[in-house]
Structure formats: structure tokens, C-alpha cells
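To keep things clear, I will list the structure first and then write my remarks on it.
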Amino acid sequence: MTTFKSMHHTARKRMIIKLGGSTLEGLNQSFFENFKKMQNDGVELIITHGGGPAINRELAVRGVASHALNGIRVTSESAIDIVQSTLIGKVNPALVHELTTAGIVAVGLNGFDDQLIVANFLDKDKYGFVGEVQSVNSALLETLIKAGIVPVIACVGADEEGQALNINGDTVASEIALAVNADSLLLVTDVAGIRIEHEYQTEVTPSLIAQWIEQGHIYGGMIPKVQGAIDCLNAGIPSVQIVGDALLGTTILSSTSKSIASL
């Protein structure tokens, strides 16, 4: 059971759900109906999403090269236009439609909307047009949540000059969770959590994660996932999980949590 922070004046539950691009393309209607059940149970939902496979297809069609570095898509000037148009113009509306079909009132958003996600270049020489989140317009999200509307956020930010920046989806989810003081963060992936030596872990700690990264057991796109999850725990988000489409997977325990029984 989730333990709520003492600063909450009402017994509400606020959950951030990040849907990975590869996960999105394999979900069925019952998955989205689960979100409706959560909402009926009083859970306030904010959904963020990536769109890797859709972006890869569009890049290939246009002959634009792309590769990942440290789990982050290196994004050239030509690639950022494709990322922006694909996430905002195709993936986001399709996801909003799925939610609407499941009976959920949802609205599609991105970093340009009322300066929702203001970002700076993470490292232009290294990653190109990739952003690092500077601020989140939490007031906009609060307004929508109070109206019973689920924000559905594409992981595109903008700098102060209006330049679109591609931002890692797990990073966006973590930053939004912190900005709105969420009770839980679910990072939904195409795997059922963190897998070490062919075995999925039900509970892990930050120290174990650091050890597994050093040993090479955690690598690629899983690195920003676990780093964002740990940042959320350290900032006070009570529950962070990396899960599959059944919403089951790995719970990451904070350093103050009870030790894992198997250790």
C-alpha cells in the first residue's frame, strides 16, 4: 500500500505513467481500460510517452541516420524535425484516441504548450538537439487534473528561443513526477522490469543498481530509466517501479527502505 506524504491535505493518489514507444505499439484496449479503473478508484493520472519505433521508421524513410549513446538518441538538426513531427503529430494523437476510446477524458500536450517543458541543450556537441529539463509548468498540469482531464505528454521540450529539443522519455516522466509531487511513478517498458543474468528482479536498491551498471548488467536505455527512478526516490517520491504491460515488474527501494529479504 502506498504511504502518502503528510503534506497531502486529502487522501488522493497521483501517478505518473511513462509509456515507451515500443510498448505503445503492442497495447490492447484492456490495457487502457485499466487506466479508467484507476481513475474511478480516485487515482490522478498523468501520462508521458516516447515513440522510438515510429521515429525510427520515419528516419529510415527520409534517409536520416540516428544512433543511441548512453541510452539517449543522438539527434541531428534534420532528425529533430522528424522527432517533433512524429511524436506530436502522430504518436500523441493516436495515444489520446486510445484513452478516449476507453472512456478517459485526455488532452495531448508537448513542451511548447504554455511552456510546459522548458529545456536547455544537454550537450550539443555530444548529443545534438537533445534537451535537459530546466522547468515544468506544474500549474498547467494541476488545472487539467482538477478538471478531471488526463494530460498526455509527448517528450519534446523547447528552449527559451523556441527550439524543439528531444528529451529522454524516462527523464521527462521523472521531472514531471517531481514537479507535481506524485505518489508513484510507473515506467512501462517492453520488458517486465530489471533483468539481471536472465532473471527479473522484484525489488532492487540504488546501491545494487550502481553495482550492476558498473558490471555492465544494466546498460543502454535502462540506464536513464534507473537513474531517473533513483532521482525521484531521493527527492521523496514514495514509489517507483519499472514494469511491463501487465503493470508488474521491479520496485526500486529507497536507501531508507527495509532491506531486501534475499540480501
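Any value given below was found using the heavy atoms of this structure, including those in side chains, with hydrogens, waters and symmetry copies removed.
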TODO: Sequence neighbours left out, what pairs pass ring pair (Phe, Tyr, Trp, His ring centres under 6.0 Å) with at least one residue falling in residues 33-57?
DONE: Phe31-Phe35

Task: Any side-chain heavy-atom pair of Leu87 and Asn92 under 4.5 Å - done: no

Task: Side-chain donor/acceptor of Thr250 to backbone N/O of Ile194, under 3.5 Å - done: yes

- [ ] Please check if the side chain of Asn137 supplies one atom and the backbone of Asp114 the other of a donor-acceptor pair under 3.5 Å.
- [x] yes

Task: Residues which pass side chain to side chain contact (heavy atoms under 4.5 Å, CB included) with Thr100, listed by chain and number, not counting sequence neighbours - done: Val96

- [ ] Kindly state each residue pair satisfying salt bridge (charged side-chain N to carboxylate O under 4.0 Å, His left out) with at least one member in residues 117-131, sequence neighbours excluded.
- [x] none

Output side-chain donor-acceptor pairs under 3.5 Å for residues 51-66, partner residues at least two apart or in another chain, one line each.
{"from": "Asn56", "atom 1": "OD1", "to": "Arg73", "atom 2": "NH1", "distance (Å)": "2.9"}
{"from": "Asn56", "atom 1": "OD1", "to": "Arg73", "atom 2": "NH2", "distance (Å)": "3.0"}
{"from": "Asn56", "atom 1": "ND2", "to": "Gly52", "atom 2": "O", "distance (Å)": "3.3"}
{"from": "Arg57", "atom 1": "NH1", "to": "Glu25", "atom 2": "OE1", "distance (Å)": "3.3"}
{"from": "Arg57", "atom 1": "NH1", "to": "Glu25", "atom 2": "OE2", "distance (Å)": "3.4"}
{"from": "Arg57", "atom 1": "NH2", "to": "Glu25", "atom 2": "OE2", "distance (Å)": "2.8"}
{"from": "Glu58", "atom 1": "OE1", "to": "Lys90", "atom 2": "NZ", "distance (Å)": "3.3"}
{"from": "Glu58", "atom 1": "OE2", "to": "Arg62", "atom 2": "NE", "distance (Å)": "3.1"}
{"from": "Glu58", "atom 1": "OE2", "to": "Arg62", "atom 2": "NH2", "distance (Å)": "3.4"}
{"from": "Ser66", "atom 1": "OG", "to": "Arg73", "atom 2": "NH1", "distance (Å)": "3.2"}

TODO: Write out all pairs satisfying ring pair (Phe, Tyr, Trp, His ring centres under 6.0 Å) with one or both partners inside residues 70-123, taking only residues at least two apart or from two chains.
DONE: Phe121-Phe129

Task: Any residue meeting ring pair (Phe, Tyr, Trp, His ring centres under 6.0 Å) with Phe32, in chain and number order, not counting sequence neighbours - done: none

Task: Residues that Gln215 engages under side chain to side chain contact (heavy atoms under 4.5 Å, CB included), provided they are two or more places apart - done: Gln211, Trp212, His217

Open item on the list: Connecting only ILVMFWY residues whose side-chain heavy atoms lie within less than 4.5 Å of each other, what is the rest of Val118's hydrophobic cluster?
Closed with: none

Open item on the list: Are Tyr200 and Ile196 linked, directly or through intermediate hydrophobic residues, by side-chain heavy-atom contacts shorter than 4.5 Å (ILVMFWY only)?
Closed with: yes

Under 3.5 Å, which donor-acceptor pairs do the side chains of residues 152-162 form with other protein atoms, sequence neighbours left out?
{"from": "Asp159", "atom 1": "OD1", "to": "Glu161", "atom 2": "N", "distance (Å)": "2.9"}
{"from": "Asp159", "atom 1": "OD1", "to": "Gly162", "atom 2": "N", "distance (Å)": "3.0"}
{"from": "Asp159", "atom 1": "OD1", "to": "Gln163", "atom 2": "N", "distance (Å)": "2.8"}

Open item on the list: Restricting to side-chain hydrogen bond (donor to acceptor under 3.5 Å, both in side chains), what partner residues turn up for Glu98, sequence neighbours left out?
Closed with: none

Open item on the list: I'd like to check Ile176 versus Ile46 (side-chain heavy atoms, cut-off strictly below 4.5 Å). Are they in contact?
Closed with: yes

Task: Side-chain heavy-atom pair Ser239, Asp183 within 4.5 angstrom cut-off - done: no

Kindly list each side-chain donor-acceptor pair under 3.5 angstrom involving residues 219-230, sequence neighbours excluded, with atom names and distances?
{"from": "Lys225", "atom 1": "NZ", "to": "Asp170", "atom 2": "OD1", "distance (Å)": "3.3"}
{"from": "Lys225", "atom 1": "NZ", "to": "Asp170", "atom 2": "OD2", "distance (Å)": "3.1"}

Task: Identified side-chain hydrogen bond (donor to acceptor under 3.5 Å, both in side chains) counterpart of Glu44 within the set Arg14, Lys13, Lys146, Gln39 - done: Arg14

Open item on the list: Between Val107 and Leu144, is there a side-chain heavy-atom distance shorter than 4.5 Å?
Closed with: yes

Task: ILVMFWY clustering at 4.5 Å (side-chain atoms), partners of Val130 - done: Leu69, Ile72, Val74, Leu122, Tyr127

